[in-house]
Amino acid sequence: MMILYKRKLNFLSILFIGALVFTSCKSSKILTDASTARNKDFKGNVQERYAALMNVDEKDIRNEKLYRFIDDWMGVPNVPGRMDKKGADCSGFTVLLQKEIYNRQLPRTASQMAESIKRKYEDELKEGDLVFFNFNGQKFNHVGIYLQNNRFVHVSTSKGVIVSNLKDPWYYKYFSRGGL
């Protein structure tokens, strides 16, 4: 009787753990607020998801470390002054990504970063370059990291870490400069 009870308990434990693993594999993260991809479900491995999200070929997703980093931080909320998984602001996230992925040291604020970069024309932007925005009439008060095909990753005030489209009218009207 005791053996039967232990087997049943083991079976239920395995079933519970299996259900937990299965449900945790599904990502409910919002990857983008880009109007052309809003509310789409992106499936597959990191390369497949980000290729679909940015409307590029899978072979164009070469820096898998970058996209894994972004995926790991996706949805982390905007918390001014923070630089960890409990929250980050745009410049804090940018500092961490640039250090971890490109081994680059950057100043802590978006305005300091904007003043320290070598500017590029919009059509010269490459993966890893910085993009700056002037929101609320303030110069260089938001920063993101350019990815590909006009997409950039940043910390949105309402959605946290997210990928957006630089050419979406809302972002584009505030875009001020890019470079590294």
Side-chain angles (χ1 to χ4, degrees), residues 30-38 42 46-47 49-83 88-180:
I30 296 172
L31 296 180
T32 187
D33 64 349
S35 59
T36 57
R38 203 171 287 135
F42 296 96
V46 169
Q47 286 177 290
R49 286 196 320 274
Y50 284 90
L53 169 69
M54 296 187 301
N55 198 26
V56 298
D57 289 337
E58 264 185 70
K59 65 177 176 49
D60 293 330
I61 306 295
R62 293 185 198 106
N63 189 344
E64 194 169 330
K65 184 178 178 185
L66 168 64
Y67 293 97
R68 286 194 185 285
F69 182 93
I70 293 167
D71 206 54
D72 195 36
W73 280 77
M74 193 61 65
V76 168
N78 178 328
V79 179
R82 287 199 75 137
M83 294 175 61
D89 58 25
C90 65
S91 58
F93 174 73
T94 299
V95 165
L96 291 170
L97 184 146
Q98 290 289 326
K99 182 174 176 28
E100 177 75 23
I101 304 304
Y102 300 106
N103 200 27
R104 294 181 188 134
Q105 296 293 120
L106 292 176
R108 177 59 176 93
T109 68
S111 61
Q112 291 169 332
M113 288 178 204
E115 297 299 334
S116 71
I117 66 162
K118 181 177 181 211
R119 290 177 71 170
K120 292 183 176 182
Y121 291 106
E122 208 175 303
D123 62 348
E124 297 174 322
L125 291 173
K126 301 282 185 237
E127 191 175 85
D129 286 343
L130 305 181
V131 289
F132 296 92
F133 301 85
N134 299 339
F135 290 126
N136 302 323
Q138 296 177 339
K139 199 171 180 183
F140 313 128
N141 67 340
H142 188 67
V143 62
I145 300 98
Y146 188 84
L147 298 172
Q148 297 180 43
N149 198 21
N150 296 312
R151 302 318 190 273
F152 67 103
V153 63
H154 65 119
V155 182
S156 159
T157 54
S158 60
K159 295 175 183 75
V161 176
I162 196 163
V163 173
S164 300
N165 189 334
L166 187 62
K167 297 293 185 173
D168 269 351
W170 194 85
Y171 287 109
Y172 199 64
K173 72 181 174 183
Y174 296 107
F175 175 64
S176 61
R177 88 170 44 161
L180 190 60

How long is the gap from [atom1] on [X] to [atom2] on [Y], to the nearest 0.5 Å?
X: S176; Y: R119; atom1: OG; atom2: CZ; answer: 7.5 Å
X: L53; Y: T32; atom1: CG; atom2: OG1; answer: 5.0 Å
X: M74; Y: D71; atom1: CE; atom2: CG; answer: 6.0 Å
X: K65; Y: Y102; atom1: NZ; atom2: OH; answer: 10.5 Å
X: S91; Y: R108; atom1: OG; atom2: CZ; answer: 4.0 Å
X: K120; Y: R177; atom1: NZ; atom2: CZ; answer: 14.0 Å

Discussion item. Between I162 and H154, does the side chain to side chain contact (heavy atoms under 4.5 Å, CB included) criterion hold? Intermediate values first, please.
Written reply: CA-CA 6 Å; I162 196 163; H154 65 119; 3.7 Å; yes

Could you pull out the closest heavy-atom pair between [X] and [Y], with the gap in Å?
X: V143; Y: C90; value: O-CB, 3.4 Å
X: G128; Y: R104; value: O-NH1, 3.5 Å
X: N141; Y: A110; value: C-CB, 4.1 Å

So do the side chains of [X] and [Y] get within less than 4.5 Å of each other, counting heavy atoms only?
X: W73; Y: V153; value: no
X: L66; Y: L97; value: yes
X: M54; Y: D60; value: no
X: V56; Y: Y50; value: no
X: I101; Y: Y67; value: no
X: V155; Y: T94; value: no
X: E122; Y: K167; value: yes
X: L106; Y: L130; value: yes

Discussion item. Is it the case that the ring center of F175 lies less than 6.0 angstrom away from the ring center of F152?
Written reply: no

Worksheet item: If you draw a 6.0 Å radius around CG in N103, do more than 12 non-hydrogen atoms from other residues or ligands fall strictly inside?
Response: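 No, not enclosed.
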
Worksheet entry | Whether over 12 other heavy atoms sit under 6.0 Å from K118 NZ | no

Discussion item. Let's go through L180 and Y146 carefully: what are the C-alpha distance in whole Å and the side-chain angles of both, what is the deciding distance for side chain to side chain contact (heavy atoms under 4.5 Å, CB included) to 0.1 Å, and is it a yes or a no?
Written reply: CA-CA 10 Å; L180 190 60; Y146 188 84; over 6 Å; no

Discussion item. Side chains of Q47 and E58 only: does a donor on one sit below 3.5 Å from an acceptor on the other?
Written reply: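 Their side chains do not contain a donor-acceptor pair, so the 3.5 Å distance test is not met.
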
Worksheet item: Have Y171 and D33 got a donor and an acceptor in their side chains that come within less than 3.5 Å?
Response: yes

Discussion item. Let's go through N78 and T157 carefully: what are the C-alpha distance in whole Å and the side-chain angles of both, what is the deciding distance for side chain to side chain contact (heavy atoms under 4.5 Å, CB included) to 0.1 Å, and is it a yes or a no?
Written reply: CA-CA 5 Å; N78 178 328; T157 54; 3.5 Å; yes

Practice prompt. Measure up the F140 and F132 rings against each other and bin them: parallel (under 30°), tilted (30 to 60°), perpendicular (over 60°).
Written response: perpendicular

Practice prompt. For side chain to side chain contact (heavy atoms under 4.5 Å, CB included), just list the numbers for R49 and V46, CA-CA rounded to whole Å, side-chain angles, deciding distance to a tenth of an Å, and then say yes or no.
Written response: CA-CA 5 Å; R49 286 196 320 274; V46 169; 3.9 Å; yes

